[in-house]
Structure formats: C-alpha cells, structure tokens
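Here the structure is laid out as structure tokens; the discussion comes afterwards.
Here is how names work: the chains are called A, B, and so on, in the same order as the sequence lines, proteins then strands, and each is numbered from 1.
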2 protein chains.
Amino acid sequence: MSLEHAILVSLLERPASGYELARRFDRSIGRFWTATHQQIYRVLKRMEADAWITAEEVGQDGLPDKKVWSATPTGRAALVTWLRAPVQPEAVRHELAVKIRGAAFDDADGRAALVAEVERYRADHEATLAGYLTGERRDFPDPDALDAQGALQHVVLRGGIAYERMVLAWLDDVLATLRNLDPPNRKATP
Amino acid sequence: MSLEHAILVSLLERPASGYELARRFDRSIGRFWTATHQQIYRVLKRMEADAWITAEEVGQDGLPDKKVWSATPTGRAALVTWLRAPVQPEAVRHELAVKIRGAAFDDADGRAALVAEVERYRADHEATLAGYLTGERRDFPDPDALDAQGALQHVVLRGGIAYERMVLAWLDDVLATLRNLDPPNRKATP
DNA sequence: GGTTGCTATGCAACGAGTTGCATAGCAGGA
DNA sequence: TCCTGCTATGCAACTCGTTGCATAGCAACC
C-alpha cells in the first residue's frame with residue numbers, strides 16, 4: 001500500500017503535523033489520494049516506529065501543541081525504492097456508473113431523480129474544476145520557470161484539470177441519454 | 001458499500017454464476033467496479049441470506065455444477081432504494097500521480113526508470129482503449145436503435161472511452177514533462 | 001504419465017479503510 | 001452563558017478488500 005508513500009512525498013515537499021497532512025489530503029494531495037485523519041495518525045505512528053519520519057514538538061500561541069513531522073533519509077530511501085517498483089493497476093470504483101446502468105431497472109420517476117442527482121454531481125465537478133484553475137493561476141503563474149518539484153506538481157494538476165473536463169463532458173452525455181429515455185410529454189394537438 | 005448493488009445490476013442484466021460474475025468483473029462491469037472472486041462469493045452468500053438473490057443449480061457436461069443466481073423482487077427493490085440515494089463522493093487513489101510528484105525526490109536514473117514505467121502503463125491504456133472501441137463496434141453497431149438498457153450501457157462505455165483518451169493525452173504530457181527535467185546530453189561542439 | 005490450465009466454489013488470516021467516539025483549549029456569536 | 005466551530009491528537013470496533021491456500025473434474029499438450 002502507499003498511503004505511507006503519499007505521506008512521504010507530502011512531507012518531503014514540506015514538513016507538517018498530522019492535522020496539516022489531513023487537510024492536505026482534503027485538498028492538494030487529496031486530488032489523487034484520499035485519507036482520513038484517523039488513517040493518517042495511525043500510519044504516522046507506524047512510520048515513526050520504522051524511522052521513516054521524525055517529529056519536532058512545536059508549541060503555539062493559544063493553540064494546542066503540534067508534532068511537526070519530517071522525512072528521514074531512511075524514509076526518503078524507502079520512497080525511492082517504492083518509486084522504482086512497477087505501478088500497480090488501479091482499482092476503479094465508480095458508483096455513478098453502476099447507478100446509470102442500474103437506472104434501466106427503475107421507472108421514469110427513479111430516472112428523473114437520477115437526472116437531478118447527476119446535475120448536482122455535475123455542479124460539484126464544475127466547482128472542483130474552477131478550484132483547480134484558480135489554484136493553477138495562483139501557484140503556476142509562469143509555467144516555464146519551474147524547478148523539478150514545481151513542474152511535476154503542475155503536470156499532476158493538469159491531469160486533474162483534464163479529468164474534470166472529461167467528466168463534465170461525459171456527464172452532459174449522460175444527462176442527454178437519460179432525458180432521451182423518458183421524453184417530456186408534448187401537448188396533444190388540439 | 002455497493003458491491004452488492006453492482007452485482008444486482010449485473011444479475012438483472014443477465015443471471016450468472018459466481019464464477020461468471022467474477023469474469024464480468026474482470027471485463028465489462030470491471031471497467032467501473034472491481035472485485036475478486038473471493039469477495040463475490042462472500043457477498044453472494046450474504047445476499048442470499050437477505051433474500052436479494054436466489055440460486056438455481058445447473059449441471060453441465062464435463063464441467064462442475066454451477067449455481068446460477070438471479071435477483072429477486074426483494075433484491076430489485078433494494079437496488080431501487082439505493083439508486084435513489086445520493087451518490088457518494090468518489091475515493092480517488094491514483095498511485096501514478098503520487099509517483100510523479102515523488103520523482104522530484106529521486107535522481108535522473110530514477111526518473112528514467114519512471115519514464116519507462118509510464119510508457120508501459122501508457123501501452124496498457126492504449127490496449128484498453130482499443131478493446132473498448134472493438135467492443136463498441138461489436139455491441140452497439142446501431143446506437144440509434146437501442147432500448148433503455150442498451151442506451152445506458154452504451155453511455156457508460158462512452159465514459160470509459162473518454163476516460164482512456166484523456167489518460168493517454170495526459171500521459172503524453174507527463175512523458176514530455178519528465179523528459180524535459182533530464183534532457184539528454186548533446187554532443188559538445190568539436 | 002505428468003504438467004499445465006480452465007471451470008467452479010470456498011475458507012482463513014491479515015491488512016486497509018470507515019465510523020463513532022473522546023479529550024481539550026480557545027475564539028466568536030446568539 | 002451556552003453553543004458552535006476550529007486546532008490537534010488519538011482509541012476501539014467494525015467492515016471491506018487482499019492474499020494464500022484448498023478441492024475437484026476434465027481437457028490439452030509434451
């Protein structure tokens with residue numbers, strides 16, 4: 001598994017507390033790897049036991065202390081070993097696709113509800129895309145003047161943008177297909 | 001969770017044994033929901049206990065007997081209930097994206113290995129796309145003359161095709177970015 | 001005759017991921 | 001004053017997913 005490795009990448013990019021990591025996994029890293037704070041704290045403990053990371057206790061004004069974690073040379077070596085191993089095939093779990101095929105076994109009311117749900121889902125993805133584009137303008141104003149780390153972050157973000165655009169186009173296709181199954185009644189000619 | 005629901009959709013489309021389901025989850029359904037045969041057999045047992053499905057024992061010439069499962073009205077009702085519930089946000093796990101960002105912490109040799117790995121990965125996706133397109137020509141020769149079930153299967157397949165095309169384009173972007181980090185040495189002018 | 005490979009089903013153990021809950025200090029608003 | 005919400009960390013229980021193994025008959029090949 002590679003939650004460990006995703007955390008190592010994130011800590012090498014910038015040291016962080018478990019809480020900060022959890023927030024990153026809701027945003028930047030979370031675009032391609034999700035994790036909850038419980039998972040993160042558990043894995044951090046294991047990584048510390050393996051000496052992949054070390055903590056520095058930091059007191060804060062008016063806030064609880066936090067442990068700021070950094071990757072050790074051992075951790076970095078473990079990351080490099082993993083980087084050079086073959087990429088595992090992805091486990092796809094696309095619930096919406098199951099529901100779309102399932103819609104053949106519901107009635108027109110159910111399909112109308114699905115249309116509404118797909119519209120909501122589409123709005124979420126539109127907001128995600130807008131967020132990516134804003135982040136791109138903010139973080140990569142001059143794409144030709146990036147170091148290795150920046151260039152790699154940028155190409156991953158471009159992947160997210162391409163994904164969201166593809167999803168939006170497909171959802172339009174889905175909506176047209178669903179609407180076509182139960183066309184609205186036309187007024188009878190008088 | 002919805003492995004149960006993916007199985008219900010598959011059984012409503014056509015009854016099948018556990019083994020046949022496992023093969024479907026390596027192919028058509030597997031495009032958007034993966035499952036191993038052990039998972040499937042375990043879930044089938046639970047679904048039978050809940051009366052969502054029933055089995056018919058079928059003897060075969062020269063092959064072991066199999067249990068052919070069908071969805072019951074109870075199972076179909078359970079599917080419809082689930083269909084009308086909100087779509088859960090997807091849990092994204094994109095290992096390659098982690099490795100790409102991690103490549104900033106490896107050396108040129110490591111990045112060269114990653115380029116080779118991305119090329120292999122790209123070839124896999126190219127083969128997947130070719131398989132989808134072949135399947136589309138075979139299963140949907142006349143897209144305008146489909147019933148509801150066929151139209152919905154087709155739009156999901158179009159989603160798979162759009163996804164693979166997007167991935168291929170992005171992988172080309174990734175390869176260009178990686179190669180640009182460690183440009184090959186040019187011959188010194190004599 | 002032995003090996004490999006396919007159909008067909010299943011158990012057991014383990015590891016990963018989810019959900020609910022708990023603590024605790026401080027800030028801000030009703 | 002109480003309630004909500006944010007930072008910050010963690011335990012416990014449960015479910016889901018993965019891996020290894022086992023059985024068993026038949027077919028094809030060397």
Side-chain angles (χ1 to χ4, degrees), chain A residues 1-7 11 15-27 29-30 32-50 53-69 82 85-86 88-95 98, chain B residues 1-7 11 15-27 29-30 32-50 53-69 82 88-95 98:
Chain A
M1 267 310 301
S2 57
L3 175 55
E4 283 89 337
H5 303 105
I7 288 176
L11 292 181
S17 69
Y19 187 82
E20 283 164 348
L21 277 173
R23 278 187 310 174
R24 285 185 201 172
F25 275 85
D26 282 338
R27 307 172 183 195
I29 307 283
F32 48 90
W33 205 274
T34 54
T36 60
H37 83 269
Q38 293 85 345
Q39 245 184 104
I40 290 166
Y41 283 120
R42 192 203 280 157
V43 169
L44 284 175
K45 193 156 281 193
R46 189 162 63 219
M47 291 170 78
E48 190 186 24
D50 293 342
I53 56 174
T54 47
E56 189 194 359
E57 296 258 355
V58 175
Q60 304 181 101
D61 278 2
L63 284 175
D65 294 356
K66 62 180 179 182
K67 287 187 216 167
V68 174
W69 298 97
W82 174 78
Q88 299 300 115
E90 299 145 64
V92 184
R93 300 269 147 88
H94 202 318
E95 188 189 324
V98 180
Chain B
M1 268 310 303
S2 57
L3 176 54
E4 284 89 337
H5 304 105
I7 288 176
L11 292 180
S17 68
Y19 187 83
E20 283 165 348
L21 277 173
R23 278 186 310 173
R24 286 185 201 172
F25 275 85
D26 282 338
R27 306 169 182 200
I29 307 282
F32 48 91
W33 204 275
T34 54
T36 60
H37 82 269
Q38 293 87 345
Q39 245 184 107
I40 289 166
Y41 283 119
R42 192 204 278 158
V43 169
L44 284 175
K45 194 157 278 191
R46 188 162 65 219
M47 292 169 79
E48 190 185 24
D50 292 342
I53 56 174
T54 47
E56 190 195 357
E57 295 258 355
V58 175
Q60 303 181 101
D61 279 0
L63 283 177
D65 294 358
K66 61 180 179 180
K67 287 188 216 166
V68 174
W69 298 98
W82 174 78
Q88 299 300 116
E90 300 144 63
V92 185
R93 301 268 148 89
H94 202 319
E95 188 188 325
V98 179

Nearest-0.5 Å distance, [atom1] of residue [X] to [atom2] of residue [Y]:
X	Y	atom1	atom2	result
A:Leu44	A:Ile7	CG	CD1	5.0 Å
A:Ile29	A:Thr34	CD1	OG1	12.0 Å
B:Leu11	B:Leu21	CG	CG	5.0 Å
B:Thr36	B:Phe25	OG1	CZ	10.5 Å

Whether [X] contacts [N] is assessed here as follows: a side-chain N or O lying under 4.0 Å from the phosphate OP1 or OP2. Is that the case?
X	N	value
A:Lys45	D:dT9	no
A:Lys66	C:dA24	no
B:Tyr19	C:dT7	yes
A:Ser17	D:dT7	no

Would you mind reading off the distance between [X] atom [atom1] and [N] atom [atom2], rounded to a whole angstrom?
X	N	atom1	atom2	result
B:Leu21	C:dT9	CG	C1'	13 Å
A:Arg93	D:dC16	CZ	C1'	9 Å
B:Glu20	C:dT7	CD	P	10 Å
B:His37	D:dC21	NE2	C1'	10 Å
B:Glu56	C:dT9	CD	P	13 Å
B:Glu57	C:dT7	CD	P	19 Å
B:Gln38	D:dC16	CD	C1'	14 Å
A:Trp69	D:dT9	CH2	C1'	11 Å

Could you check which of [options] has an atom nearest any side-chain atom of [X]?
X	options	answer
A:Arg46	C:dA16, D:dT9, C:dC11	C:dA16
B:Arg23	D:dC11, C:dT7, C:dT18	C:dT7
A:Lys67	D:dT9, C:dG17, C:dG10	D:dT9
B:Gln39	C:dT9, D:dG17, C:dT19	D:dG17
B:Tyr41	D:dT18, D:dG10, C:dA8	C:dA8

Nearest-nucleotide wise, let me know which of B:Gly18 and B:Ala91 is further upstream toward the 5' end of DNA chain C.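 Its nearest nucleotide being more 5', the pick is B:Gly18.
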
Looking at A:Glu20, is its backbone amide N or carbonyl O close enough to the side chain of A:Ser17 to form a donor-acceptor pair, meaning the two atoms are under 3.5 Å apart?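 At least one qualifying donor-acceptor pair exists.
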
Report yes if a donor N or O on one partner sits less than 3.5 Å from an acceptor N or O on the other, where the partners are the side chain of A:Arg42 and the base of C:dG15; otherwise report no.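 By the distance-only test, no, there is no pair.
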
